[in-house]
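None of the values given here were measured: they were computed from a predicted structure.
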Amino acid sequence: MQTHVDYTQHNKSQNVSNIYQRKQNVIEPPVQFTNNRPETAAQRKLQETANNSSQVSQLRALQEMTNNSPQAKRTTQLQQYVFQLAGGGNAYNAGEGAYWHVHHKDHVKFGGLGETRINFNGRKRNWVLKQLHKMRNNTPQSKKGAETYRACREYILKNGI
């Protein structure tokens, strides 16, 4: 969009930010072109015919029945459960499942690596933090790994494990 600013004495006395604000408030819709080529019209007509066919109607009805079946509902429930186990839906008290995480206020570990697991049961906070620090040096480091490590450490400090 091209604009023309008339630099008269009146315009010079205006604050530059006011001019900028006025330009920002002008909203023009994007230019949209309509494709009127004959082959495009023919393609639209074919698509409309296909969408309205009896076979597509039958497929839609079958898809609707499948989506509402008990098996589909059970599959959805299982997917949600797996998502929760993988770290979605606040399954962890701190961190993320693929990185450092505190799980069930019971232990801290890195991803699925059992050798990094530190159980809390009756242990003193300082011991847990020392073990966590040792384990951190034995695991691959990344920005996300460092971020989740700090989140777990803060959780342990705040919650008196």
Side-chain angles (χ1 to χ4, degrees), residues 1-3 5 14-35 40 43-44 47-48 50-51 55-161:
M1 175 179 87
Q2 293 183 353
T3 58
V5 178
Q14 288 183 347
N15 187 339
V16 174
S17 65
N18 289 341
I19 294 170
Y20 178 75
Q21 286 176 344
R22 279 189 286 145
K23 283 184 181 181
Q24 292 299 313
N25 291 333
V26 176
I27 299 172
E28 292 184 19
V31 177
Q32 293 183 352
F33 297 101
T34 305
N35 189 346
T40 304
Q43 182 65 39
R44 282 191 195 116
Q47 188 65 55
E48 185 179 324
N51 288 345
Q55 288 122 333
V56 170
S57 297
Q58 289 172 348
L59 284 172
R60 284 187 181 134
L62 183 60
Q63 185 66 54
E64 183 78 21
M65 287 189 308
T66 303
N67 289 344
N68 294 327
S69 72
Q71 292 88 351
K73 289 179 181 176
R74 180 72 179 139
T75 300
T76 301
Q77 289 172 341
L78 287 172
Q79 287 171 339
Q80 290 171 346
Y81 179 68
V82 168
F83 174 73
Q84 194 173 28
L85 287 176
N90 298 325
Y92 300 103
N93 301 105
E96 293 182 25
Y99 299 94
W100 284 106
H101 62 274
V102 174
H103 198 208
H104 298 301
K105 300 179 185 178
D106 171 69
H107 66 273
V108 63
K109 74 175 178 180
F110 184 83
L113 300 176
E115 62 269 19
T116 64
R117 181 180 173 126
I118 304 165
N119 292 321
F120 298 151
N121 55 353
R123 297 206 165 101
K124 300 221 182 256
R125 180 182 352 167
N126 287 340
W127 183 88
V128 171
L129 290 172
K130 283 180 187 177
Q131 295 300 312
L132 180 61
H133 184 72
K134 286 180 192 176
M135 291 297 172
R136 179 182 186 210
N137 294 331
N138 295 331
T139 57
Q141 294 301 309
S142 66
K143 184 177 179 183
K144 194 65 158 176
E147 180 183 304
T148 55
Y149 171 84
R150 283 190 302 273
C152 291
R153 191 172 188 287
E154 287 174 24
Y155 178 86
I156 292 167
L157 288 168
K158 285 181 184 176
N159 292 286
I161 300 217

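The shortest side-chain heavy-atom distance between Tyr92 and Val102 does not fall under the 4.5 Å cut-off. Counting heavy atoms from C-beta outward, Lys109 and Asn119 have side chains that stay 4.5 Å or more apart. Residues Tyr155 and Val108 form no side-chain contact, since every pair of their non-hydrogen atoms from C-beta on lies 4.5 Å or further apart. Residues Asp106 and Asn121 have side chains not in contact (no heavy-atom distance under 4.5 Å, counting atoms from C-beta outward).
Considering all non-hydrogen atoms of both residues, Gly95 and Ala151 come closest at N-CB, 4.2 Å. Across every non-hydrogen atom of Gly145 and Ser142, the tightest pair is N-OG, 2.9 Å. The two residues Ile118 and Met135 have their closest heavy-atom pair at CD1-CG, 4.0 Å. Among all heavy-atom pairs drawn from Asn51 and Arg60, the shortest one is O-NH1, 3.4 Å. For the pair Ala146 and Arg136, the tightest heavy-atom approach, listed with the atom from each and the gap, is CB-NH2, 3.8 Å. Nearest heavy atoms, Leu157 versus Arg125: O-NH1, 3.2 Å.
Atom CD in Gln131 sits 12.0 Å away from atom OG1 in Thr116 (nearest 0.5 Å). In this structure, the separation between CZ on Arg44 and CD on Glu48 is 10.5 Å, given to the nearest 0.5 Å. Atom NE2 of residue His133 and atom CZ of residue Arg153 lie 9.0 Å apart, to the nearest 0.5 angstrom. Between Trp127 atom CH2 and Leu132 atom CG the span is 10.5 Å, to the nearest 0.5 Å.
Side chain of Thr148 to backbone of Trp100: a donor-acceptor contact under 3.5 angstrom is found. Side-chain atoms of Arg117 do not come within 3.5 Å of backbone N or O of Leu113 as any donor-acceptor pair.
Considering only residues two or more places apart in sequence or on other chains, His107 meets the ring-ring contact (aromatic ring centres under 6.0 Å, His included) condition with His103.
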